[in-house]
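Whatever order the structure lists ligands and atoms in, that order sets their numbers, starting from 1. Predicted, not measured: the structure shown is a model, and the values here were computed from it.
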Amino acid sequence: MSVEKITLEDPLDMHCHWRQGAMLNKMVPLSAKIFAGAMGMPNTNPPIFSLEDILEYKRAVEAAIHFEDNFQPYYTAYFQPNMSKEYLKAIKPHILSIKFYPKGKTHNSEYGCSPHDPGVLESLSNMEELEIPASVHGEADGFCMRREYLFGSIYEQWATMFPKLKIIMEHISDRRTLQLLVKFPNIFATVTPQHALFNLDAVLGGKLNPHMFWMPILKEPEDQEAILNAIMGINGLACVKHKLMLGTDSAPHPVDQKECACGCAGVFNASITLQLLAKPFFDSGKVEQYKMFTSGNAKEIYGITPPKKTVVLERVPSVVPDRVGVTVVPMLAGHTLEWSITEIRA
Ligand SMILES: [Zn+2]
């Protein structure tokens with residue numbers, strides 16, 4: 001019997017964190033090895049706030065790419081109120097989107113703002129005019145399990161006020177958020193493997209597991225199922241399947257910042273995501289949709305043409321390493337995955 005196989009062309013990770021310094025030098029080559037392109041988030045310390053910051057970050061990322069990997073990095077800038085058209089015109093050639101962080105809701109978001117701050121609407125209006133998409137970490141104040149839902153009214157307000165602004169709801173985690181994709185033509189979303197495959201039990205259902213702790217936090221089984229169905233385009237959600245893109249939200253922290261009393265949110269997962277999601281798509285007979293979710297949809301939504309890269313996945317077991325580099329524990333460390341990457345042609 002021949003091995004079951006999926007061949008992906010130009011897979012893209014539209015949301016990841018490479019960090020800075022030594023961590024960046026470790027993370028960029030891992031993205032570059034298996035993806036044709038990936039979009040790095042701007043919540044560095046300090047954040048990417050200016051044209052100079054973007055150019056400096058670009059230099060650091062590009063210096064870390066191995067030429068033979070044939071990889072296109074994409075960049076973002078950190079949202080600020082009152083961004084002028086002059087500033088936006090200057091940065092536009094270097095970025096794909098601008099990332100909105102609600103103040104204090106995730107890693108390095110203390111530089112973010114409230115959606116109600118003066119100057120937020122002016123920035124969004126200028127972005128709409130200059131056709132720069134808004135990537136949004138959509139969480140409002142309130143109980144952690146309801147924060148994304150509570151941000152829904154902000155998404156509705158922005159999508160209505162700025163109908164030509166592409167709004168990307170990053171790493172959606174709540175089944176109610178999916179309805180915004182149905183309702184507004186200018187709303188899109190990224191989905192992580194963790195929100196499509198796991199629920200809060202993975203963090204709290206047995207021993208406390210800091211390596212399954214992200215923001216937005218994992219939610220109920222019904223949320224996970226609805227998100228998985230949406231990316232596969234089944235169970236009444238086929239109408240939004242072209243609006244969903246893979247964004248791993250791979251977010252490494254050194255192990256001492258995870259396994260401590262105040263564990264940081266975010267886990268490295270870029271190297272296992274394609275293998276992990278191969279199973280549900282293949283088993284549901286949705287391989288064509290897997291190709292759209294991991295590449296075609298992002299190309300269409302962002303209007304990008306990444307370099308050519310073919311990634312072959314086969315149903316052959318692979319074990320997730322205990323460590324990536326010296327300090328990073330990857331998601332599902334030590335677990336056996338049903339699928340492996342068996343060939344990459346760049
Ligand atoms: Zn993120």
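In this structure, F100 has its ring center closer than 6.0 angstrom to the ring center of W158.
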Inset, instruction - Could you check E288 against K291 for salt bridge (charged side-chain N to carboxylate O under 4.0 Å, His left out), going step by step and ending with a plain yes or no? - result: CA-CA 5 Å; E288 286 311 307; K291 295 177 184 177; 3.4 Å; yes

Inset, instruction - Check the pair Y111, Y101 against ring-ring contact (aromatic ring centres under 6.0 Å, His included), reporting the backbone distance first and the verdict last. - result: CA-CA 8 Å; Y111 301 92; Y101 283 96; 10.0 Å; no

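One of the N, O or S atoms belonging to D249 lies under 2.8 Å away from the Zn ion (ligand 1). In summary, an N, O or S atom of H17 is located under 2.8 Å from the Zn ion (ligand 1). Inclusion of H171 in the first shell of the Zn ion (ligand 1) is not supported: no N, O or S atom falls under 2.8 Å.
Ring pair Y155/F151 is perpendicular by interplanar angle, where above 60° counts as perpendicular and below 30° as parallel.
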